[in-house]
Amino acid sequence: MLGTQLRLEAVRRSFEAWIAPSGFYARTAEANGLAPVVRLPYAARAPEPDVVARPRTPRVLFAGRLVPEKGVEFLLRAWPEVRRAQPAAELRIAGDGPERERLQH
């Protein structure tokens, strides 16, 4: 339990905002002290610039199973456009699954 609390505290300190694709995720993040949480439903447009405080280096984290229904392939396809607009942007993908090998190529 202490290990989980320490990891959660490290996560809290690592990010300035959380984007939640569902009400469940938003409520869970807020219940664990992860704030601010911005609700951004699947297939929605990006939040307005004043909704989320911009970090010094724009960062995107995908954390989840690497399966087709999560849409990581679309994130990877869109990433070059993000980098053209924000050259310093960083992308991190945390997860594993049956799509991992295909997505790495």
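Considering all non-hydrogen atoms of both residues, Trp79 and Val60 come closest at CZ3-CG2, 3.8 Å.
Between the CZ atom of Phe62 and the CG atom of Leu76 there is a distance of 9.5 Å, given to the nearest 0.5 Å. Glu73 contributes atom CD, which lies 12.0 Å from atom CG of Leu66 (distance to the nearest 0.5 angstrom).
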May I have the list of side-chain donor-acceptor pairs in residues 90-101 shorter than 3.5 Å, sequence neighbours left out?
residue : atom : partner : partner atom : Å
Glu90   : OE1  : Arg59   : NE           : 3.3
Glu99   : OE1  : Arg102  : NE           : 2.8
Glu99   : OE1  : Arg102  : NH2          : 2.5

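Here Glu30 does not pair with Arg27 in a salt bridge; the nearest charged N to carboxylate O distance is not below 4.0 Å.
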